[in-house]
Q: 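Questions regarding the structure given below will be posed in turn.
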Amino acid sequence: MDDCLFCKIIRREIPSAKVYEDDDVYAFRDIHPMAPVHVLVVPKTHVSGMSAVDALSDAALAACLRACRTIAEQEGIAQSGYRVVSNCGSDACQSVPHLHFHVLGGKHMTESMA
Ligand code: DGP
């Protein structure tokens, strides 16, 4: 999408700190990290979020989740543990309407999920 922030990052029109890329996925460091490791995993195909996930191919969706695991290993947090979060809609404070998964780790997190 022309005016989507994450589409612009994927097209390299906006700079980002790339962590991982394959045919379906681009991943980069969050500009406002909430943990020592905070990576955003986004499908290259634009879909607005989890509620629109039916518009994404099964292969691309699986690639996103596999990328989260690969990144956790790359970042050295696979053994200690990490969180994968996708905010959807206003109650969840989704701020960028392009499906993305936050990969968070590198510290002991609280049990609170909300
Ligand atoms: P969410 O609130 O779940 O929609 O997460 C969007 C995230 O995107 C938020 O944690 C901050 C991050 N973000 C916003 N703009 C930029 C940007 O220009 N570059 C990078 N790297 N991250 C961004």
Side-chain angles (χ1 to χ4, degrees):
M1 254 175 65
D2 283 358
D3 59 351
C4 168
L5 173 66
F6 286 173
C7 287
K8 287 180 179 174
I9 286 176
I10 292 163
R11 292 196 299 266
R12 312 303 203 266
E13 292 168 15
I14 293 174
S16 66
K18 175 176 146 180
V19 171
Y20 173 89
E21 183 171 19
D22 64 29
D23 288 346
D24 295 308
V25 175
Y26 186 72
F28 53 100
R29 298 199 189 280
D30 195 292
I31 204 166
H32 300 307
M34 294 190 179
V37 174
H38 188 169
V39 175
L40 298 172
V41 175
V42 306
K44 289 182 174 175
T45 299
H46 180 89
V47 292
S48 60
M50 283 301 298
S51 55
V53 82
D54 285 355
L56 193 64
S57 72
D58 289 352
L61 183 56
C64 286
L65 296 179
R66 288 206 178 86
C68 292
R69 192 262 299 151
T70 299
I71 290 160
E73 288 177 1
Q74 247 177 237
E75 296 289 316
I77 57 172
Q79 298 305 315
S80 50
Y82 58 97
R83 208 166 257 170
V84 177
V85 174
S86 187
N87 296 321
C88 182
S90 59
D91 272 3
C93 302
Q94 181 181 5
S95 60
V96 180
H98 181 129
L99 177 65
H100 52 283
F101 299 90
H102 298 256
V103 178
L104 298 147
K107 70 170 188 179
H108 187 79
M109 286 173 267
T110 67
E111 289 182 4
S112 171
M113 296 280 282

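Note that the numbering runs from 1 along the sequence shown for the chain. In each ligand, atom 1 is the first atom listed, and ligand 1 is the first ligand listed.
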Q: Would you say that more than 12 heavy atoms from the other residues, nucleotides or ligands in this model lie under 6.0 Å from the CD of E13, or not?
A: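 It does: E13 CD has more than 12 such atoms within range.
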Q: Please say whether S16 places an N or O atom under 3.5 Å from an N or O atom belonging to ligand 1.
A: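 In fact, backbone or side chain, S16 has no N or O that close.
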Q: Run the side-chain contact (heavy atoms from CB on, under 4.5 Å) test on Y26 and R12 for me, step by step, so that the C-alpha distance in whole Å, both residues' side-chain angles and the decisive distance to 0.1 Å come before the verdict.
A: CA-CA 11 Å; Y26 186 72; R12 312 303 203 266; 3.4 Å; yes
Q: CZ of R11: more than 12 outside heavy atoms within 6.0 angstrom?
A: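 Yes - once you tally the heavy atoms of other residues, nucleotides and ligands closer than 6.0 Å, there are more than 12.
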Q: Can you tell me if CE on M34 sees more than 12 non-hydrogen neighbours from other groups inside 6.0 Å?
A: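 No, because the 6.0 Å sphere around CE of M34 holds 12 heavy atoms or fewer from other groups.
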Q: Quick one: does ligand 1 sit under 4.0 Å from the side chain of I9, the backbone, both or neither, non-hydrogen atoms only?
A: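 The answer is the side chain of I9.
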Q: Linking I/L/V/M/F/W/Y whenever any side-chain heavy atoms sit under 4.5 Å apart, do V84 and M109 land together?
A: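 No, it is not one cluster - the side chains of V84 and M109 are not joined through contacts under 4.5 Å.
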Q: For atom 21 (N) of ligand 1, what is the nearest protein heavy atom, given as residue, atom name and distance?
A: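 Here the nearest protein heavy atom works out to R29 O, 2.9 Å.
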Q: Specify the protein heavy atom at minimum distance from atom 11 (C) of ligand 1: its residue, its atom name, and the distance to 0.1 Å.
A: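 Sorting protein heavy atoms by distance from atom 11 (C) of ligand 1 puts D30 OD1, 3.3 Å first.
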Q: Is F101 reachable from L56 through a run of hydrophobic residues whose side-chain heavy atoms are each under 4.5 Å from the next?
A: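 Yes, one cluster joins them.
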Q: Please check if V19 and L40 belong to a single hydrophobic cluster, counting links between Ile, Leu, Val, Met, Phe, Trp and Tyr side chain heavy atoms closer than 4.5 Å.
A: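 V19 does not cluster with L40.
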Q: Look only at interatomic distance and state if Q94 has a nitrogen or oxygen under 3.5 Å from any nitrogen or oxygen of ligand 1.
A: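 In fact, backbone or side chain, Q94 has no N or O that close.
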Q: How far is atom 5 (O) of ligand 1 from the closest protein heavy atom, and which atom is that?
A: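 Looking at atom 5 (O) of ligand 1, the protein heavy atom closest to it is H100 NE2, 3.1 Å.
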Q: What atoms in ligand 1 come closer than 4.0 Å to a heavy atom of S95?
A: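 Matching atoms, with element in brackets: 1 (P), 2 (O), 4 (O), 5 (O), 6 (C).
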Q: Could you say whether the N/O atoms of V96 and ligand 1 ever approach to under 3.5 Å?
A: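 Among all N and O atoms of V96, at least one is under 3.5 Å from an N or O of ligand 1.
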Q: Please state which protein non-hydrogen atom is closest to atom 20 (C) of ligand 1 and give its distance, to 0.1 Å?
A: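 For atom 20 (C) of ligand 1, the nearest protein heavy atom is I31 CB, 3.4 Å.
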Q: In this structure, would V39 and V25 fall into the same cluster of hydrophobic residues linked by side-chain contacts under 4.5 Å?
A: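 Yes, it is one cluster - the side chains of V39 and V25 are joined through contacts under 4.5 Å.
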Q: Under a 4.5 Å side-chain heavy-atom rule over Ile, Leu, Val, Met, Phe, Trp and Tyr, are L99 and M1 clustered together?
A: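 No.
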Q: Identify, for atom 15 (N) of ligand 1, the protein heavy atom at the shortest distance, and state residue, atom and that distance.
A: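 The protein heavy atom lying closest is L5 CD2, 3.3 Å.
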Q: Does M34 come within less than 4.0 Å of ligand 1, judged by its heavy atoms?
A: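 Flag not set, M34 not near ligand 1.
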Q: Between ligand 1 and C93, can you find any atom pair, the residue atom being a heavy atom, that is separated by under 4.0 Å?
A: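 Yes, C93 has a heavy atom closer than 4.0 Å to ligand 1.
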Q: Is F6 touching ligand 1 with its side chain, its backbone, both, or neither, if touching means heavy atoms under 4.0 Å apart?
A: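 Only the side chain of F6 comes within reach of ligand 1.
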